[in-house]
Colleague: 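Below you'll find the structure I mean.
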Amino acid sequence: MKRTHHCNELRPSHIGQIVTLTGWVHSRRDLGGLIFIDIRDREGRTQTVFDPSDLPKELFEKAAALRSECVVSITGKVRQRPAGTNNSKIPTGEVEVMTQSLEVLNMAEPLPFQIDDPEAAAKVAEETRLQYRYLDLRRPEMARNLKLRSKVAIATRQFMDEQGFLEVETPTLFKSTPEGAREFLVPNRREPGTFYALPQSPQQFKQILMVGGIEKYFQLARCYRDEDLRADRQPEFTQVDIEMSFIEREDIYNLIEGLLQRVWKTALGMDIPTPFKRLRFEEALNRYGIDKPDTRFGMELVDFTEEFKASTFKVFSGAIANGGVVKALNAKGLASATQGQIETMTEYAKSFGAKGLAFIKVENGEWKSPIVKFFSDAEKAALTSKLKIEEGDLILFAADQWLNACEILGKIRLYCADVLKGQGKLTIDPNRFDFLWVVDFPLLGFDREQSRWYSSHHPFTAPVAEDISFLKTDPKRVRGQHYDVVVNGVELGGGSIRIHQPEVQKTVFEDVLQISPEETKLRFGYMLDAFKYGAPPHGGIALGFDRLIAILCNTPSIRDVIAFPKTAKGVDLMTDSPTTVSSKQLRELYLEVKAQKKE
RNA sequence: GGGGGUGUAGCUCAAUUGGUUAGAGCGCUGCCCUGUCACGGCAGAGGUUACGGGUUCGAGCCCCGCCACUCCCGCCA
């Protein structure tokens with residue numbers, strides 16, 4: 001049965017050889033007196049021919065009984081196809097295998113969906129594809145995605161090894177750490193009422209590894225977060241997790257730029273330029289209204305706070321008087337926006353707490369807008385020159401506190417780009433990758449509801465050295481040594497230089513985050529202990545591996561690059577998990593289910 | 001938790017304003033076919049219109065509820 005070649009291997013140079021191919025019946029073309037069967041494996045497909053004139057009747061009938069996706073082993077002689085019958089669509093299209101023997105390894109029932117026609121298969125509902133994932137995975141597109149994923153994983157390991165990193169595995173049965181994402185819990189049979197938690201990331205272990213003298217660690221780590229899902233979020237996902245000792249931010253930038261260079265070369269054969277651009281958090285917000293800007297198109301935000309400070313238009317001047325700003329963006333060529341599109345954008349603005357959305361449509365040489373009558377000539381002139389206003393443009397405004405105004409227009413900028421793409425007025429080269437680092441994030445944010453500070457990244461992020469003195473006096477002003485790597489508006493990963501002095505870490509936990517000393521000891525005591533015994537300065541980063549692969553495969557959903565993903569409600573449609581468990585299992589774990597069963 | 005979209009044959013989709021027996025392509029079954037490659041031809045089977053109610057003389061279509069999938073907001077240190 002052993003195959004001699006795979007199904008994408010035979011070429012004219014093989015003519016005359018006796019070969020054995022194994023694989024699936026991709027398609028069968030039964031001409032009555034002559035049968036063609038395309039046999040397919042992971043690598044490709046090859047045409048085999050059944051000619052009754054030199055085959056036993058029984059064998060020919062066996063071939064006639066085959067249907068799509070039966071598993072077969074076919075032995076025969078490779079020959080040149082007759083003149084004029086070459087198939088230029090497939091690489092093996094110059095030759096065919098004259099069958100001498102056929103072994104049916106397994107029959108196949110009619111399929112729930114067809115997988116031989118790529119166009120039809122791509123349209124099948126994802127629900128059906130996930131239920132029969134083993135069939136879906138046979139499609140060349142899915143096979144390509146998994147192959148690319150494997151290649152990138154191996155390239156990553158190779159690169160990290162070359163750079164002197166050790167791959168270290170960390171536990172997936174971890175301790176519950178209530179900060180951050182909701183965790184999956186695992187009940188402990190040995191002690192009633194105690195639980196492990198699955199790690200949201202190996203963050204604490206990798207820092208401890210630095211204290212353990214590993215110096216350079218990496219891992220393709222599985223992480224678990226029990227939060228609501230999105231196209232780019234699964235309950236379990238993979239990170240390229242990295243940590244290094246005796247380094248500064250620049251070392252991480254260098255390393256990751258090299259890694260991504262290697263990955264892009266391996267996966268796409270592309271040379272990406274380094275170093276990547278750097279954008280301070282503040283600048284990213286000012287220009288793009290988001291901390292992960294897509295810089296493949298312009299439409300940048302422009303500030304008009306000075307120009308409207310004394311405006312008679314109170315919505316603007318009032319916002320400024322309250323310490324806010326006025327910002328605008330020019331959606332080039334979008335004056336044709338429909339009522340519905342303006343409505344959608346207004347909803348965005350309102351969801352950020354704005355009262356409405358001011359806009360100007362520039363049509364027929366006229367500014368059509370409910371607010372333009374309030375503008376002075378000087379204000380109009382400023383708008384025209386700073387926004388480079390031309391016929392057909394749509395100008396959108398936000399007047400609010402700085403962060404809010406930026407974020408509103410950031411959201412609207414992306415929406416406008418989508419609309420313009422749909423109208424063909426904006427095209428982006430699919431082979432363009434705009435990498436950049438976003439740096440100088442604020443270390444802390446303020447939660448108005450709970451009236452306390454929280455870590456904008458995580459509590460182990462080191463403050464920028466010259467800002468440490470403001471930790472207690474002016475927390476807002478403290479910048480973190482945190483960095484995000486962004487490509488085409490997607491956050492690929494992020495990390496930071498960590499705190500390695502126990503006193504600074506204690507200050508952050510107790511004075512800034514207001515976690516009580518007892519609580520700190522309970523949750524992070526072992527880390528503070530570890531830091532007492534000679535912790536090297538260290539830092540690291542984690543890249544979203546699934547997102548990385550999705551970008552390389554040019555697919556919007558990470559489900560397309562995960563072999564067995566879950567639905568938006570966390571269900572595996574193939575195995576139908578999660579399920580209830582027996583009362584015996586529950587008893588063993590000292591658990592009782594109190595929720596009412598759904599009918 | 002909230003908002004939007006989708007759900008009709010195994011698959012992909014139609015079905016005018018609420019109006020006859022819910023159609024087509026692919027797949028499936030049977031027959032024919034010796035150079036096809038999405039083979040072709042003829043014939044046929046296949047439907048709880050996701051599910052449960054309601055309005056109506058009459059519902060795939062309207063209303064209410066509910067389920068699944070999906071996109072987004074919240075959430076994701």
Side-chain angles (χ1 to χ4, degrees), chain A residues 26-40 45-54 60 64 67-69 81-90 92-93 96 109-132 135 177-183 200-201 203-204 223-235 237 340 344 347-348 350-352 411 414-415 443-445 447 453-461 480 482 491 494 496 508-509 513 515 523-524 544 556-557 559 566-569 571 573 576 598-599:
Chain A
H26 185 74
S27 77
R28 191 193 50 160
R29 295 176 294 280
D30 185 344
L31 273 59
L34 191 66
I35 300 173
F36 296 97
I37 285 177
D38 282 0
I39 179 168
R40 185 200 72 239
R45 57 191 234 238
T46 303
Q47 171 165 288
T48 65
V49 191
F50 292 74
D51 187 337
S53 60
D54 52 36
F60 190 76
R67 64 153 59 99
S68 288
E69 300 305 309
R81 290 195 185 194
T85 63
N86 283 8
N87 183 356
S88 57
K89 289 183 201 161
I90 56 174
T92 60
E96 62 191 9
E109 289 190 11
L111 302 175
F113 60 94
Q114 287 167 257
I115 60 177
D116 55 344
D117 179 354
E119 273 181 46
K123 286 169 75 181
V124 173
E126 194 173 13
E127 202 173 342
T128 312
R129 290 172 46 204
L130 289 178
Q131 190 185 344
Y132 301 96
L135 296 180
T177 55
E179 297 270 322
R182 192 179 297 116
E183 301 166 317
Q200 307 161 25
S201 79
Q203 182 62 37
Q204 296 175 44
C223 308
Y224 307 85
R225 292 180 190 172
D226 186 10
E227 297 290 351
D228 288 341
L229 307 177
R230 292 281 191 282
D232 62 351
R233 279 168 21 193
Q234 283 275 303
F237 61 99
T344 302
E347 285 309 312
Y348 279 139
K350 284 182 178 168
S351 73
F352 278 90
K411 196 92 185 158
L414 292 177
Y415 176 79
L443 184 69
L444 301 156
D447 183 336
W453 294 94
Y454 62 89
S455 302
S456 40
H457 182 42
H458 60 53
F460 314 112
T461 302
H482 171 59
E491 184 192 328
S496 62
V508 168
F509 280 145
L513 300 178
I515 304 173
R523 287 198 218 162
F524 305 108
S557 165
R559 291 187 299 271
K566 292 172 181 60
T567 68
K569 286 201 174 156
V571 171
L573 292 175
D576 198 27
K598 276 190 220 161
E599 286 306 313

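Any value given below was found using the heavy atoms of this structure, including those in side chains, with hydrogens, waters and symmetry copies removed. Numbered from 1 within each chain, the chains take letters A, B, ... in sequence-line order.
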Colleague: Rounded off to whole Å, could you give me the CG-to-P distance for the A:Leu111 and B:C26 pair?
Modeller: 17 Å
Colleague: Is there a donor and acceptor pair, one atom on the side chain of A:Arg230 and one on the base of B:G74, closer than 3.5 Å?
Modeller: yes
Colleague: Would you say the base of B:G74 and the side-chain of A:Glu227 have a donor-acceptor pair closer than 3.5 Å?
Modeller: no
Colleague: For A:Arg81 and B:U36, is the shortest distance between a side-chain N/O and OP1 or OP2 below 4.0 Å?
Modeller: no
Colleague: A:Ser455 and A:Thr461: side-chain contact (heavy atoms from CB on, under 4.5 Å), yes or no, with the steps?
Modeller: CA-CA 8 Å; A:Ser455 302; A:Thr461 302; over 6 Å; no
Colleague: Regarding B:C69, can its base be found pairing with the side chain of A:Arg129 as donor and acceptor, where the two atoms are less than 3.5 Å apart?
Modeller: no
Colleague: Nearest whole angstrom, please: distance from the P of B:C73 to the CG of A:Leu414.
Modeller: 11 Å
Colleague: Report yes if a donor N or O on one partner sits less than 3.5 Å from an acceptor N or O on the other, where the partners are the side chain of A:Arg233 and the base of B:C75; otherwise report no.
Modeller: yes
Colleague: Ignoring hydrogens and angles, answer whether the base of B:U34 and the side-chain atoms of A:Arg29 contain a donor-acceptor pair closer than 3.5 Å.
Modeller: no
Colleague: Within the stacking criterion (centroid distance below 5.5 Å, interplanar angle below 30°), does A:Phe113 stack on B:C11?
Modeller: no
Colleague: Which nucleotide wins on minimum distance to the side chain of A:Pro82, given the candidates B:A38, B:U34, B:G35?
Modeller: B:G35
Colleague: Measure the distance from CD on A:Gln131 to P on B:U70 and round it to the nearest whole Å.
Modeller: 13 Å
Colleague: Using whole Å, what does the distance between atom C1' of nucleotide B:C69 and atom CG of A:Leu573 come to?
Modeller: 8 Å
Colleague: For atom P, what is the distance between B:U21 and B:G25, given to the nearest Å?
Modeller: 22 Å
Colleague: Side-chain donor or acceptor of A:Gln47 under 3.5 Å from a matching atom on the base of B:U36?
Modeller: yes
Colleague: For the pair made of CD in A:Glu69 and P in B:G10, what is the distance, rounded to whole Å?
Modeller: 20 Å
